[in-house]
Amino acid sequence: MTVQRPRGTRDFLPEETEKRGRAKLAMQDVLECWGYQEVATPTFEHLELFTIKSGASVVEEIYSFTDKGGRALALRPELTAPVMRMYVSEMQNSSKPQRLWYYGNCFRYERPQRGRFREFWQMGAELIGAAKPDSEAEAIALADQMLKSVGVSGDIHVGYLGLIRSILGRIEAEHRPSVMRMIDKKERNALAALLDEIGQSHLGLIELIDLKGQPALDKAAEIVQELKGKPEETSASGAVLAGEPAAAGAAVGRGSARQGRAVGAELRLDEFQETVDLLNAYGVKFTIDFEIVRGLEYYSGTVFEIYAEGLGAQRQICGGGTYELASLFGGKETSSTGFGLGFDRIMEIVQMEGARTSPVFLAFTPDVKLQAARIAGMLRKSVPLVMDVMGRSLGAQLKAAAGAGAQFVVIVGKDELDAGMLTLRDMVGGGQESLALAEIEARLKTHFQGK
RNA sequence: GCCGGGAUAGGGUAGUGGUUAUCCUGAGGGACUGUGGAUCCCUCGAGCUGGGUUCGAAUCCCGGUCCCGGCCCCA
């Protein structure tokens, strides 16, 4: 038996690779239309880059290793952190905002299943240095456009952490991580029980996350009115909306992933309302959904996720929001909005017409091989072209061209050379003509234009 | 980490303990020495891996690897 692929990795044959390339290009066109510039970062980074911002369960899934110099390194499990590291170390003095996009393979040590691999590709954008409704709406509209460009439609759910964290401010700090996790996990019964237990069921949290769309926004406004009328639970102003202060080494339990390092989020429902209005102006169809909290502490404002049908259990194809990561990596505080698209999942449901075109085949008789090679060289300046390398007879060459789906074959033989002409055969129509090289070149060039 | 289903030529498959492992497709060559996809002929090519049971294993049992679906998790 031959050597197998490592678990969770894939080979992409020509057809699939071509399809992926076209989908990437379509989404790339959208990004560039919106003025985003491509960046690239290393495939591996210092392990620390990813452990700083992540909880224990996430860290377990990182492909990490020690290099020959004893450094703790990791294959990148995602691309936002590397891009922000790059920004902090090399782009902090650049003009704002920075519109960046990226595409690259990432690695996670997970159990493979449909839509989940150990090597997978992410495509995404970061709008750095701005976190106002304007940039949030831009990011979501951009993601929407990218998906549309490859014929994918998804349900966009938009939430607002400013509100959720403010509500959490009314709850004793020790309970905040649990509450957050239960919202994220949709553990509604456990959440209700906990809120009852700590006497906070009056906050309206469950009603809020159960509502979707405009009613949710109305409920949010109602809650904000109530919140403004009451003092907050604790007075440590910096941490009040942020969950617990960082407990170094506290670790243990899944809850720990969501403790500490939380970013304070102002309660500005008016801003969220503006994001909503802008999204409507952009013509984006979405659902307001305060249940979207995206687990991580560094998200601060609007957050969103996009789900698609036809993907089995792994339905989420996009996630993003406004976050504060630059300061976490030692830079100045810089709010940004970004998102990542799960390229592999999108590839499972892309709707694009196939556009594979076979190269032109140059068929020749063995006695004129040298002249044929020269002609091939000239034609290749204008069109993709292949010539036989199997020592086949002319008939077999035509057979091979037909089998490969070639539309045109240029035939070179002694008769053609004597006449100073070449034969251009249309394999689909069946006809052929005797033409000068320049004429053939012109016709083929026209045929391949726009392909 | 957990549960279930799988793995036979390049691709798709048949075969439930016993000759030379079935069929389709594919690839290469030829019939056809300058004109293609048909047809015919020839050729190439396989039981994931390691152990066990057995006179004998693709077939039964165990471990591993990988694949598919789901759980957990999901930056």
Side-chain angles (χ1 to χ4, degrees), chain A residues 1-11 13 15 45 49-62 74 76-84 106-118 120 122 124 181 184-185 254 257-258 261 294-299 303 305 307 311-321 323 325 328 338-340 342 345 358 361 363-368 372 388 390-418 422-432 434:
Chain A
M1 184 54 193
T2 51
V3 178
Q4 292 182 313
R5 246 181 291 135
R7 185 170 170 79
T9 62
R10 290 158 296 161
D11 294 313
L13 274 50
E15 193 181 349
E45 297 267 2
L49 175 65
F50 304 110
T51 55
I52 283 176
K53 68 179 187 71
S54 305
S57 65
V58 161
V59 172
E60 276 174 22
E61 294 184 346
I62 293 177
R76 58 187 181 196
E78 50 107 20
L79 285 163
T80 298
V83 168
M84 291 312 293
C106 300
F107 307 83
R108 294 182 193 176
Y109 193 85
E110 292 188 286
R111 170 91 191 193
Q113 56 181 292
R114 181 166 185 192
R116 174 179 289 182
F117 306 95
R118 289 184 173 181
F120 60 96
Q122 271 195 353
R181 190 183 70 245
D184 195 22
K185 300 305 162 208
R254 3 169 108 166
R258 298 188 159 77
R261 299 195 184 92
R294 295 205 51 77
L296 295 169
E297 299 303 331
Y298 56 80
Y299 281 104
V303 287
E305 297 183 347
Y307 311 95
L311 283 173
Q314 310 301 323
R315 297 178 53 236
Q316 192 185 326
I317 54 174
C318 178
Y323 59 85
L325 264 181
L328 204 54
F339 61 86
R345 292 179 190 175
S358 165
F361 273 63
F364 58 94
T365 53
D367 53 322
V368 298
D388 180 58
M390 301 288 286
R392 286 172 168 143
S393 66
L394 185 63
Q397 288 180 46
L398 283 168
K399 193 171 181 175
Q407 178 163 7
F408 292 106
V409 174
V410 175
I411 298 170
V412 184
K414 195 150 188 321
D415 297 348
E416 281 80 5
L417 294 176
D418 288 346
L422 299 175
T423 301
L424 177 64
R425 183 168 180 80
D426 181 343
M427 300 295 277
V428 177
Q432 63 184 43
S434 187

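Keep in mind it's a predicted model, so treat the numbers as computed, not measured. The chains referred to below are lettered A, B, ... by the order of the sequence lines, with proteins before strands, and numbering in each begins at 1.
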Side-chain heavy atoms of [X] within contact of [Y], under 4.5 Å:
{"X": "A:I62", "Y": "A:R108", "value": "no"}
{"X": "A:M427", "Y": "A:L398", "value": "yes"}
{"X": "A:K53", "Y": "A:E78", "value": "yes"}
{"X": "A:Y323", "Y": "A:M84", "value": "yes"}
{"X": "A:D426", "Y": "A:F408", "value": "yes"}

Pairing partner of [N] (Watson-Crick or G-U wobble, both distances under 3.5 Å):
{"N": "B:U16", "result": "none"}
{"N": "B:G64", "result": "B:C48"}
{"N": "B:A9", "result": "none"}
{"N": "B:G1", "result": "B:C71"}
{"N": "B:G37", "result": "none"}

d([atom1], [X]; [atom2], [N]) in whole Å:
{"X": "A:F408", "N": "B:G37", "atom1": "CZ", "atom2": "P", "value": "20 Å"}
{"X": "A:L311", "N": "B:C68", "atom1": "CG", "atom2": "C1'", "value": "16 Å"}
{"X": "A:I411", "N": "B:G34", "atom1": "CD1", "atom2": "P", "value": "12 Å"}
{"X": "A:E110", "N": "B:C71", "atom1": "CD", "atom2": "P", "value": "13 Å"}
{"X": "A:I62", "N": "B:C74", "atom1": "CD1", "atom2": "C1'", "value": "13 Å"}
{"X": "A:D388", "N": "B:G29", "atom1": "CG", "atom2": "C1'", "value": "14 Å"}
{"X": "A:R118", "N": "B:C66", "atom1": "CZ", "atom2": "P", "value": "7 Å"}
{"X": "A:D184", "N": "B:C72", "atom1": "CG", "atom2": "P", "value": "13 Å"}

At 4.0 Å (heavy atoms only), tell me whether [X] reaches a base, stays on the sugar-phosphate, or touches nothing.
{"X": "A:R10", "result": "nothing"}
{"X": "A:R5", "result": "sugar-phosphate"}
{"X": "A:Q316", "result": "nothing"}
{"X": "A:Q397", "result": "nothing"}
{"X": "A:E60", "result": "nothing"}
{"X": "A:A401", "result": "nothing"}
{"X": "A:Q122", "result": "nothing"}
{"X": "A:G312", "result": "sugar-phosphate"}
{"X": "A:G8", "result": "sugar-phosphate"}

Which residue lies toward the 5' end of RNA chain B, A:F107 or A:G430, if each is placed at its nearest nucleotide?
-> A:G430

Tell me which of A:E305 and A:T9 sits closer to the 5' end of RNA chain B, going by the nucleotide each one is nearest to.
-> A:T9

Does OP1 or OP2 of [N] have a side-chain N or O of [X] closer than 4.0 Å?
{"X": "A:Q113", "N": "B:G69", "result": "no"}
{"X": "A:R7", "N": "B:U65", "result": "no"}
{"X": "A:K185", "N": "B:C74", "result": "yes"}

Nucleotide nearest [X] (side chain, heavy atoms from C-beta), chosen from [options]:
{"X": "A:R116", "options": "B:C73, B:C71, B:G34", "result": "B:C73"}
{"X": "A:F117", "options": "B:G37, B:C68, B:G34", "result": "B:C68"}
{"X": "A:L394", "options": "B:G29, B:U35, B:G37", "result": "B:U35"}
{"X": "A:T365", "options": "B:G34, B:G37, B:A75", "result": "B:G34"}
{"X": "A:K399", "options": "B:A75, B:G70, B:G36", "result": "B:G36"}
{"X": "A:R108", "options": "B:A75, B:G28, B:G36", "result": "B:A75"}
{"X": "A:L398", "options": "B:G28, B:U35, B:A75", "result": "B:U35"}

Between [N] and [M], how far apart are the two [atom1] atoms, rounded to whole Å?
{"N": "B:U13", "M": "B:A58", "atom1": "C1'", "value": "14 Å"}
{"N": "B:U22", "M": "B:G28", "atom1": "C1'", "value": "23 Å"}
{"N": "B:U65", "M": "B:U49", "atom1": "C1'", "value": "7 Å"}
{"N": "B:A75", "M": "B:G6", "atom1": "P", "value": "34 Å"}
{"N": "B:C68", "M": "B:C62", "atom1": "P", "value": "24 Å"}
{"N": "B:U16", "M": "B:G56", "atom1": "C1'", "value": "16 Å"}
{"N": "B:C61", "M": "B:U53", "atom1": "P", "value": "15 Å"}
{"N": "B:C32", "M": "B:G47", "atom1": "P", "value": "38 Å"}

A:T423 side chain to A:E416 side chain, donor-acceptor N/O pair below 3.5 angstrom | yes

Find the distance between [atom1] ([X]) and [atom2] ([Y]) and round it off to the nearest 0.5 Å.
{"X": "A:R10", "Y": "A:F120", "atom1": "CZ", "atom2": "CZ", "answer": "10.0 Å"}
{"X": "A:R111", "Y": "A:R7", "atom1": "CZ", "atom2": "CZ", "answer": "4.5 Å"}
{"X": "A:I411", "Y": "A:R425", "atom1": "CD1", "atom2": "CZ", "answer": "6.5 Å"}
{"X": "A:D388", "Y": "A:Q397", "atom1": "CG", "atom2": "CD", "answer": "4.0 Å"}

Residues A:E15, A:L13; criterion side-chain contact (heavy atoms from CB on, under 4.5 Å); working and verdict = CA-CA 6 Å; A:E15 193 181 349; A:L13 274 50; 5.7 Å; no

Is the glycosidic torsion of B:G47 within 90° of 0, making it syn, or is it anti?
-> syn

Is a donor-acceptor contact shorter than 3.5 angstrom present between the side chain of [X] and the base of [N]?
{"X": "A:R294", "N": "B:A75", "value": "no"}
{"X": "A:R114", "N": "B:G70", "value": "no"}
{"X": "A:Q314", "N": "B:G69", "value": "no"}

Does NZ or CZ of A:R118 come closer than 6.0 Å to the centre of the six-membered ring of A:Y109, within 45° of the ring's axis?
-> yes

Shorter than 3.5 Å, N or O on both sides, protein versus nucleotides 2-9 of chain B: list them out with atom names.
| residue | atom | partner | partner atom | Å |
| --- | --- | --- | --- | --- |
| B:C2 | N4 | A:R111 | NE | 3.3 |
| B:C3 | N4 | A:R111 | NH2 | 3.2 |

